[in-house]
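Data first, discussion second: the structure below is written as structure tokens.
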Protein chains: 2
Amino acid sequence: MAKRISLADADCPVARALHVIGDWWSLLIIRDAFDGVRRFSAFQTGLGIAKGMLSARLRDLVERGVLATEPASDGSAYRDYVLTERGRELFLVIVALRQWGEDHLYRRGERHSFLIDVTNGEPVARLELRSADGRALRWNDTRVQGAGEKCKPRSVAPRPKVTSRRRR
Amino acid sequence: MAKRISLADADCPVARALHVIGDWWSLLIIRDAFDGVRRFSAFQTGLGIAKGMLSARLRDLVERGVLATEPASDGSAYRDYVLTERGRELFLVIVALRQWGEDHLYRRGERHSFLIDVTNGEPVARLELRSADGRALRWNDTRVQGAGEKCKPRSVAPRPKVTSRRRR
DNA sequence: CGTTTCTGGTTCTAAATTAGAACTAGACGT
DNA sequence: ACGTCTAGTTCTAATTTAGAACCAGAAACG
């Protein structure tokens, strides 16, 4: 009665994504993979994660096609964990999280790492949402359409039935 | 000895972000909030989450400034949970997750909801990363710079010391 | 007004998950 | 050939979770 609820078959793409990478460690492992970490021990020391947990998370990520193992690039008999194409496409998720963290989770004057363009060393541009024809969009310029049960659109947001609206 | 490791003071903005919204339920609660859900019972039935868990997650999100409570919009004496400015800026994180989920987690022909521009009903443009001067960037056109201990750049990715490179 | 139902929780319990330590097999280095 | 390193697995104790039961105050009802 305490097994975590599965999101695997939700209608919402967000829920499905979280089913795959929504636990405490997966995105950190993936972030490290983007930073060039490939070996079990490197993930382990870089994250400070318990070996058993790392082992389980890597197995899940490989199973779900986000990571793959390949022969170690240094020619040893060990194996490297590398991002698959599916995994590499999580880059924007990491960038979006990074941008939000940079914006909201540092005190004034506190320094943090940032993402630069390797061709010229300049910080990358801010991520932003645009319409099909290129206008910048804010959250309330959009709506979810074609939702199934687990993805209710704003228009029909259920509200507990309160008939009168007296405030006392 | 099994308390979850805290990410609060990590150097990496990604880790800090995950400290705030990186658990199993928070992003789903936030997604529902973007879809217009405001009431405790609406979150509960929409997510199928246990009341105790929802109560704890809402408390944390309010504490961390992602949500706030305000008098219910229908005039009753109850309270609504609404996104703060900080919370609304998580929109791109949700959009990035949605895009990845849509791209990789549906079988051919399986339908899913999608995000549309309310002004014309068309799907929004794909999210993409650009350089300061507007060039599209891929993950390997970028690098993390100014990393602290928990954010190792690719260039110094630690690798177990293996001096020879014989494969046997 | 008095009673019933709904809302928004809190508390309790059993099961699952986690962190960390200890152990191990096979690869490496010398 | 021997000792060390890597990449795990296994074990235990503590924490977290899901779900049910309980409860106080607000709203609806007559």
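Computed from a predicted structure; not experimentally measured. Naming: A, B, ... by sequence-line order, numbering from 1 per chain.
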Could you list the protein-to-nucleotides 23-26 of chain C atom pairs, N/O on both sides, closer than 3.5 Å?
from   : atom 1 : to      : atom 2 : distance (Å)
C:dG26 : N2     : A:Tyr78 : OH     : 3.4

Rounded to the nearest angstrom, tell me the gap between atom [atom1] in [X] and atom [atom2] in [N].
X	N	atom1	atom2	result
A:Asp60	C:dT18	CG	P	10 Å
B:Leu54	C:dT11	CG	C1'	16 Å
A:Ile49	D:dA7	CD1	P	15 Å
A:Leu47	C:dG20	CG	P	13 Å
B:Asp74	D:dA26	CG	C1'	12 Å
B:Gln44	C:dT10	CD	P	13 Å
B:Ile5	C:dA21	CD1	P	11 Å
A:Lys3	C:dT18	NZ	C1'	16 Å

N or O in side chain of [X] less than 4.0 angstrom from [N] OP1/OP2:
X	N	answer
B:Arg39	C:dG8	yes
A:Trp25	C:dA19	yes
B:Ser76	D:dA26	no
A:Trp24	D:dT15	no
A:Ser55	D:dT9	yes

- Message: Quick one, B:Arg88 with B:Glu85, criterion salt bridge (charged side-chain N to carboxylate O under 4.0 Å, His left out). Give me CA distance, side-chain angles, the key distance, then yes/no.
- Response: CA-CA 5 Å; B:Arg88 285 192 293 271; B:Glu85 177 57 24; 2.9 Å; yes
- Item | B:Arg57 vs B:Gly52, nearer the 5' end of DNA chain D by closest nucleotide |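 Going by which nucleotide is closer to the 5' end, it is B:Arg57.
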- On DNA chain D, nearest-nucleotide positions of A:Tyr81 versus A:Arg4: which is more 5'?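 It is A:Tyr81, whose closest nucleotide lies nearer the 5' terminus.
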Between [X] and [Y] (salt bridge meaning N to carboxylate O under 4.0 Å), is one present in this structure?
X	Y	value
A:Asp141	A:Arg138	no
B:Arg135	A:Asp117	yes
A:Glu102	A:Arg98	yes

- Find the distance between CG (A:Leu54) and CG (A:Leu28) and round it off to the nearest 0.5 Å.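 One gets 11.5 Å once the value is rounded to the nearest 0.5 Å.
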- Query: A:His104: what forms a ring pair (Phe, Tyr, Trp, His ring centres under 6.0 Å) with it, not counting sequence neighbours?
  - Reply: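 Ring pair (Phe, Tyr, Trp, His ring centres under 6.0 Å) check on A:His104 returns A:Trp100.
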- Item | Earlier contact from the 5' end, DNA chain C, for B:Arg79 and A:Ala50 |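 With A:Ala50 and B:Arg79 compared, the 5'-side residue is B:Arg79.
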- Message: Tell me whether A:Trp139 shares a hydrophobic cluster with B:Val82, the cluster being built from Ile, Leu, Val, Met, Phe, Trp, Tyr side chains joined at under 4.5 Å.
- Response: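 Different hydrophobic clusters.
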